[in-house]
Amino acid sequence: MSHQEFEADFMKRDPEPRETVSGQQSPAARQVSEWFRQLGRLVRIARTCGPYAPLARQARERLVRDMLPLLEYHSPLVLRFSPLEIWLQDELLVRAQADDDGGLSQEHQLPFILHRNGLRRMTLAAETTREEIVAIVSAVIEITTSKLTHEDLCTLLWKANLAHVHVESEPLGLNANPCPDALRAAVSEQPSITGLTGIQRDDWLLPECETSTAELWRRIQVQEFPAKADFLQEWHAEAAAPLAQGVADIVQKAVHAESSAEMRKVLADAVVTWFAGAIQRCEWVEARDAFDILHTLDPEHLHSYAALHDALAGLDLDAIASQLDEASSEDQARFFALVVNAGPGALDFTVGVLGRAGRARLRAAATTALSYLCSDDPQMLAPYLADSRWHVVRNITFVLGQIGGTAVTGLLARAARHLDARVRRAAVIALAQVPTRERIPLLLEHLDTHDPQLLTNTLTMLTREKDTRVALSLLARINANDFETRSEVHRLALISALEDVADEGAVPALALLLQKGGWFARHTTERTAAARLLARIGTPAALQSLEEGSHSRAEAVRTACLAALHPKVGP
Amino acid sequence: MNPHDDRPCEDQFHDALRVYEDALHNARSLLTPARFERGIELRHVKRMVQPLVDAAAAREPATVGLAWVSQADEAWAHGVHVCLVTVGMGHHLGLDRGALADLGVAALLHDVGVKTIACSTTLNRTSLCAMRVALEHHACGTVGYPGFSVGQKPMAASRLVAVADAFVSLLSVQGERGERITPYEALGLVLGPVGVGFDDVLKAALVRTVGVYPPGQVVELDDHVLARAMMPSNEDPERPMIELLTTPEGAHLMPSEWLLGPMRVERSILRALPIDEWPDSMGGSVAA
């Protein structure tokens, strides 16, 4: 049956699904609907804490327990799945809902996920066992917690061999089946057919066989059963071996058979998919094993860089970040050790995790990892300064600060001009890690800010050491016409900063500030501070200015100078 | 052939044949070069194999399709034929459904090559098994792969697929000698000289899967009736479901008159006919 035929048949069997509002649902629909709501909750828990976390186990156990009475009273449960809805026969149970931010979270996408996995209809009979419900719930959890599972839902359910649950899945064939005769004719068509062609089949040596087949069979049959047990034992031992062992073995054999660069690249690309899959499932040990094998194939990661980048780009970062948020410090350390070792190919991915991290601990770990990743080439972080999320840019700025040095100055200059004040503040702090001569011009740009916190950060950075440029810039602002329009906090901050950086070069400007106002000079904080600064500078020129001021006709100037020259000594 | 199934033999046979045809159809759709280029979804391939596993478990093995193996088989059809023999063997060996699905995928892709599989799939247990089989199945038996050292023993799955591949390849081997090999002789070659390095347990599993008289083999019954073996019996590999081609008097029946069913209890197979003695309609040279 073709896909189209199946869909048509699917709708024909339930011609007009009757949507019922919650209040008019049958008891069965209400209860099954609630069960699916709980399933959605379990999906959320499993994605956040991991499918094997105690909380997830409890929720799973509760779900299984709740389904049994439903089956007892309402079986058979005939569930139908469309991309947006789940139905109990003709009653709507679940409809995909958008989150507050307009997106669809996994728990709200349940109908789509189940439909995408090929599930179309599921009928649970009254005899459905507890183990079968466990298998169904486990399969749903497996496919919803990871994009890169080994199996799809239909295969997982098929593997579970559910005796009392009838599962109808989407037909696999893409086109209608040709008639059998045509199909059998196609088996031996010439290579024009779009089949798997051009592969050389084996050429077998054809010796004569003296003994009849029936006789040979009778001889073999004698040893069949003892050998069967040995074979099965061998089979199970191989199946139980860690995946890493199998991969290492195939890599060794394949490279031994053909040690070309192409073979190495192909194998490396394959191992990258395994690595990415393990990361998606948050299996850190497996991911490390994969990485170790990748390292043996491509020690410099030259060939696997693009593959690694692409594979990691396709991961479900929300799920990974959620689990990492809840992970132990050890697991987080394992994860970040992996991405640091993976090199630049993991950069996008790490920034993605950083952007989705919900907890400060994870953000701190991610920024540290990024510092290691980009310490040799901070320019790799440049694209992320254009990220639309302010918090990502702020954290990248922090990383640039961690790296420090001349190489990050230009990037921090960009961050320092970011539209968001929180980024600018972080940039100002990060500028502490660049050479003084480079950071001062960038910091001076922020002296005109109206953001008190940013100004404080800027002044803190600027006053780390004495610098005439800083002092003159401060004085220029203090002497500016609009200085009076600034808030008192700003004014005091600028003047206080001036005290830390002013030197001989600032004396003329301070003298001007001191005399500012002429006959009409009033008592101001700036004037007092200027006098005090001149006294602290204490050079002949500074003292000369104070001396002149102490004879000024303006009382405010005179008072300020005298107070600076003869400070009162406290008790 | 399932003795516990109440349905007529013909129904069982046609169900098995339908599974075979579906497998062929799906393989033809899935295993195109274009799909390999953009990456095949092993999950789809695995779903394709699942009905073969189910059929084997229901004792309606799709090995009935072996009757249509020919020298001109496309590689994807060869893959399907090896797959259905492999799945049947695995079932007889007692492997579980998951293992059979992985094994079936590996058998289906056994001639695709390690590089193609590695390029076009994500690496997991299923694709790893397929890669190992693709690499190792040549190293089994008497024909060694050049890159292998003697001490390296192929994994169990590779050895299993190698046996199935040997049998199916012998059914479709080209050349003058190849064209004269009957299914019965092909099986004899695998049990005998060609399969010297094969495990006996795997050879036994092969016989249990295809029967001593594999599908398509023309046999003479002890009442001198000619028949074609169509479907192996799970109870006795030497007593397949057959299609009667002649009357006891030796008169050839028209294809529309061929009778399909299990061998009668009192009957036994006298001998498997060499290709020269097959009726024309079966690909032989004896006039009907």
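Heavy atoms only: backbone and side chains are in, while hydrogens, waters and symmetry mates are out. Not measured: the values here are computed from a predicted model.
Of the atoms belonging to A:D269, not a single heavy atom falls under 4.5 Å from chain B. Using a 4.5 Å cut-off between heavy atoms, B:I181 contacts chain A through its side chain alone, with no backbone atom that close. Looking at A:A214, the atoms closer than 4.5 Å to chain B (heavy atoms on both sides) sit in the backbone and in the side chain alike. Only the side chain of A:E258 comes within contact range of chain B, with at least one heavy atom under 4.5 Å from a heavy atom of that chain. Looking at A:A241, the atoms closer than 4.5 Å to chain B (heavy atoms on both sides) all sit in the backbone: N, CA, C or O. Residue contact with chain B, scored on non-hydrogen atoms closer than 4.5 Å, involves the backbone and the side chain of A:V271 alike. Heavy atoms closer than 4.5 Å to chain A are found in both the backbone and the side chain of B:A157. Heavy atoms of A:S259 lying under 4.5 Å from chain B are absent altogether. Using a 4.5 Å cut-off between heavy atoms, B:L202 touches chain A through its side chain atoms alone.
With hydrogens and angles ignored, the 3.5 Å screen pairs no side-chain donor or acceptor of A:E238 with any backbone N or O of B:M155. Although no hydrogens or angles enter the test, the distance criterion places no donor-acceptor pair under 3.5 Å between the side chain of B:K115 and the main chain of A:L267. Checked by atom type and distance alone, the side chain of A:T213 pairs as donor or acceptor with a backbone atom of B:Y184 at under 3.5 Å.
Across B:V114, B:T121, B:V53, the residue that shares the most heavy-atom pairs under 4.5 angstrom with chain A is B:V53. The greatest number of non-hydrogen atom pairs below 4.5 Å with chain A, out of B:M48, B:H44, B:E185, is found for B:H44. Among the candidates B:V190, B:L128, B:L206, B:D200, the residue making the largest number of heavy-atom pairs closer than 4.5 Å to chain A is B:L128.
A side-chain N or O of A:T155 and one of B:Q50 form a donor-acceptor pair less than 3.5 Å apart.
With sequence neighbours excluded, no residue forms a salt bridge (charged side-chain N to carboxylate O under 4.0 Å, His left out) with A:D289. For B:C83, the side-chain contact (heavy atoms from CB on, under 4.5 Å) criterion is met by B:V49, B:L52, B:V87, B:A107, B:L108, not counting sequence neighbours. The ring-ring contact (aromatic ring centres under 6.0 Å, His included) check on A:F231 picks up nothing, with sequence neighbours excluded.
Closest of all the heavy-atom pairs between B:A118 and A:A270 is O-CB, 3.8 Å. Looking at every heavy atom in both residues, A:V266 comes nearest to B:C119 through CG2-SG, 3.6 Å.
Residues of residues 217-227 of chain A that come within less than 4.5 angstrom of chain B, heavy atom to heavy atom, are A:W217, A:R218, A:I220, A:Q221, A:Q223, A:E224, A:F225, A:A227 in numerical order.
Note that CG of B:L123 and CD1 of A:I250 are 9.5 Å apart. Values are rounded to the nearest 0.5 Å. Separation of atoms CG (A:L232) and CG (B:L95) is listed at 6.0 Å; rounding is to 0.5 Å.
Within 6.0 Å of NE2 on A:H295 lie no more than 12 heavy atoms contributed by other residues, nucleotides or ligands.
A heavy-atom distance below 4.5 Å is found between the side chains of A:D249 and B:R132.
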ask   = Hey, mind stepping through A:E170 and B:R47 against salt bridge (Lys or Arg N to Asp or Glu O under 4.0 Å) and telling me if it holds?
value = CA-CA 10 Å; A:E170 185 189 28; B:R47 277 183 61 193; 5.2 Å; no
ask   = Could you walk me through whether A:W158 and B:D54 pass the side chain to side chain contact (heavy atoms under 4.5 Å, CB included) check?
value = CA-CA 10 Å; A:W158 175 82; B:D54 288 335; 3.0 Å; yes
